[in-house]
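Reminder, nothing fancy here: chain letters follow the sequence lines and each chain counts from 1.
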Number of protein chains: 2
Amino acid sequence: MDRSAPPRRVTIVDVARHANVSTTTVSKVLRNAYGASPAMHQKVRKAIAELGYRPHAAARGMRGQTYTIGVMLPDIRNPFFADILDGVNEQLTDTEYQVLLGRGYNGEAAEERVTDTMLDHQMDGVILIAPVSSRARLDHIAATVPMVVVGRHARSAAYDSVADNDTAGAALVVEHLAGLGHRRIAHIEHHETDRDRLAEMPNAIRAQGYRQAMHAHGLADEVDIASTTYTQQGGYLGARQLLARPVRPTAIFAGADIVAMGAIQAIAEAGLSVPDDISVAGYDNTMFAAFDPISLTTVDQAGRQIGANAAQLLVSRIVDRGRRSTQVTLSPTLVVRRTTAAPREE
Amino acid sequence: MDRSAPPRRVTIVDVARHANVSTTTVSKVLRNAYGASPAMHQKVRKAIAELGYRPHAAARGMRGQTYTIGVMLPDIRNPFFADILDGVNEQLTDTEYQVLLGRGYNGEAAEERVTDTMLDHQMDGVILIAPVSSRARLDHIAATVPMVVVGRHARSAAYDSVADNDTAGAALVVEHLAGLGHRRIAHIEHHETDRDRLAEMPNAIRAQGYRQAMHAHGLADEVDIASTTYTQQGGYLGARQLLARPVRPTAIFAGADIVAMGAIQAIAEAGLSVPDDISVAGYDNTMFAAFDPISLTTVDQAGRQIGANAAQLLVSRIVDRGRRSTQVTLSPTLVVRRTTAAPREE
DNA sequence: GTGAAAGCGCTAACAC
DNA sequence: GTGTTAGCGCTTTCAC
């Protein structure tokens, strides 16, 4: 068995020969380009089927399109991103575009590596989900390839963006908790110092929305933020900080469901119960929020829809790179479950 | 602003000119190939840095390697796969290999599409995680590109595989539950009919291991399997089936943590409690199993290690495509938490 | 409407 | 040890 010499791939030349046409014609049929008669189309399609031909994306990339879209996601463990991906794929079904994924690990260096890889593979477009990269870097990518940014409130002429209204989402949570009678409503945020990101990243905007909403409800003095990260570990540590306050909060608004999971764990370890001692709300309405033993009150972001919008914008930009950039903002809704309740009488 | 004409990419010719050497020399330096003096190396590296040159993977793919590895995973929502990916990435850090991901959706058609895409992009190797594709299809891929299969007990001369000993894992669970005094131990499996997959897929082997272990503990008459899927929904439906039995099981061994989640939900909805009324055990030791309010007894598969092994095997096969195939089997361990306890006295 | 031929960026074979 | 050159599979002028 000669495994060292893989069978030669069927090429466009083979198809052309088999169909008795030129490679040009085959290429035109492949791309549905102008200048091939129906008869030619049929002949070529037949030859393609008979030979089991597949165009070679790497070779295509050297001249034209690869029909491949790259999606960068920061964290494969957050099920919310899976919802977005579902939307992307749904939108791309029945198109000729394929999707390949890359992980950004919430770090600029890793994001640069993976986006570079996508560019090196000559992808036709990229969707970046909640990227932490600098604006300059985003502009650089967008200058090279059609790009859509998801979940970051960016307003750039060079690329489109799709985001949820995080200010409104944070307000929904605070309103709900305040309405239940809570005053000491604390927040766990994903720490942010970079100027641009403070203005654009959802975590920063949720934190800002929290502050605003607290003010709006006359609770400005009660603002209390634990600054960690959007991870389970971050939620755990953040809640421990908050529980150690001289006066404990009666409710915690975690910036993401996964953060709420960590917070709930810390609360349980402290011998307190949810929601009797402390109410907890999350953000994202992931499948785990819906999971009965948890039943987390949370904000629903309609990830599928976000993803579908992103894919649609990207494809339209691939078709027309010159068109003006679009910003889509979707509205979140609150899903009340069993982790929030009126505070205990004191 | 002329966004329709992205700036021309820096090519190997630019680097060669800038460094006053030939493109061959640049290419050699890039690949650390034999035949370039240290002085040349330095000159070329300097030019590369100054011009910000990056080799074009698509172009490289037409002649040599792309230094890109494709990983196909069936389900992005199962956090166990994230553990495997971490292992892959860890192993590949400090190598020149980049990783791109594709989703297989647990379906043959989707797996074919995404693996084809990887081949079209001329990836240097692929890692398939728990693929459901036919053996013929796996052989076909392996004939084209170095490949490692993870989590499927395949013995092929054409590719390597890394799997956990699922028979042993299932036995650990049954042993644990029987040791607690359970007799009516039911199992929720991922339904399988295909012959090859029955022999190779972890779900099928876990179910078979369950049967064997029940026999070994003199509980052959108590074997009771609900056949659904490895999803939260599957766990929910499976548990509902089991709860409707004339005589209810006192313990449920779910084939995956995510299945256990659904089962726990069904049990809660039925007004029963875990573990007082029913013990539940999972498989995979995902982060959600460790999550305190759940605290699921489960089997730990050491996903990181699985991934690291897979990546290492793949790279070694890229280097030597002719070498004999290897099968790595890792041993699982049981993690006892709070969802399992002795059955209630009757 | 169709085909011949150039060339995308790179690597490999070969000459020097 | 270094450079010249052919050619990977495809798309794109540009003749016809």
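Contact annotation for B:T24: base contact, defined as any heavy-atom pair under 4.0 Å involving a base atom.
Bracketed by its first and final contacts, the part of DNA chain D lying under 4.0 Å from non-hydrogen atoms of chain B reaches from D:dG1 to D:dG9 in 5' to 3' order.
Shown for residues 30-40 of chain B: residues whose heavy atoms fall under 4.0 angstrom of DNA chain D, namely B:Y34, B:G35, B:A36, B:S37, B:M40. Listed in residue order, the members of residues 51-60 of chain A having a heavy atom less than 4.0 Å from DNA chain C come to none.
Side-chain N/O atoms of A:T25 include one lying less than 4.0 angstrom from OP1 or OP2 on C:dG3.
For the salt bridge (charged side-chain N to carboxylate O under 4.0 Å, His left out) test, residues two or more places apart in sequence or in another chain that qualify with A:E200 are A:R135, A:R152. For the side-chain hydrogen bond (donor to acceptor under 3.5 Å, both in side chains) test, no residue two or more places apart in sequence or in another chain qualifies with A:S161. Contacts of A:Y159 classified as side-chain hydrogen bond (donor to acceptor under 3.5 Å, both in side chains), with partners at least two apart in sequence or in another chain: none. Every salt bridge (charged side-chain N to carboxylate O under 4.0 Å, His left out) that B:R77 has, sequence neighbours left out, goes to A:D83, A:D86. Every residue meeting the side-chain contact (heavy atoms from CB on, under 4.5 Å) condition with A:T115, not counting sequence neighbours, appears here in chain and number order: A:M72, A:L128, A:R137, A:I141. By the side-chain hydrogen bond (donor to acceptor under 3.5 Å, both in side chains) test, B:S27 is found to be paired with B:R31, residues two or more places apart in sequence or in another chain being considered. When the side-chain hydrogen bond (donor to acceptor under 3.5 Å, both in side chains) test is applied to B:T68, the partners found at least two apart in sequence or on another chain are A:H121.
The C1' atoms of five pairs define one axis at each end of the helix from C:dG1-D:dC16 to C:dC16-D:dG1, and these two axes lie 40° apart (to 10°).
When rounded to the nearest whole Å, the span between CD1 of A:I12 and P of C:dT2 equals 15 Å. Distance B:D14 CG to C:dG9 P: 8 Å, rounded to the nearest Å. Protein atom CD of B:Q122 is 13 Å distant from nucleotide atom P of C:dT11, rounded to whole Å.
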Which pairs would a plain distance check flag for residues 54-63 of chain A, meaning a side-chain donor or acceptor within less than 3.5 Å of a matching protein atom at least two apart in sequence or in another chain?
| residue | atom | partner | partner atom | Å |
| --- | --- | --- | --- | --- |
| A:R54 | NE | B:D120 | OD1 | 3.3 |
| A:R54 | NE | B:D120 | OD2 | 3.3 |
| A:R54 | NH1 | B:D116 | OD2 | 3.4 |
| A:R54 | NH2 | B:D120 | OD2 | 2.3 |
| A:H56 | ND1 | A:A58 | N | 3.3 |
| A:H56 | ND1 | A:A59 | N | 3.4 |
| A:H56 | ND1 | B:D120 | O | 3.3 |
| A:H56 | NE2 | B:Q122 | OE1 | 2.6 |

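With values rounded to the nearest 0.5 angstrom, B:R17 atom CZ is found 12.5 Å from B:I12 atom CD1. To the nearest 0.5 angstrom, B:I69 atom CD1 is 10.0 Å from B:Q91 atom CD. Here the OG-CG distance, from A:S134 to A:D194, works out to 8.0 Å after rounding to the nearest 0.5 Å.
Contact of the A:L100 side chain with the A:Q98 side chain is not registered, since no non-hydrogen atoms from C-beta on lie closer than 4.5 Å. With contacts defined as side-chain heavy-atom distances shorter than 4.5 Å, the pair B:V162/B:Q305 does not qualify.
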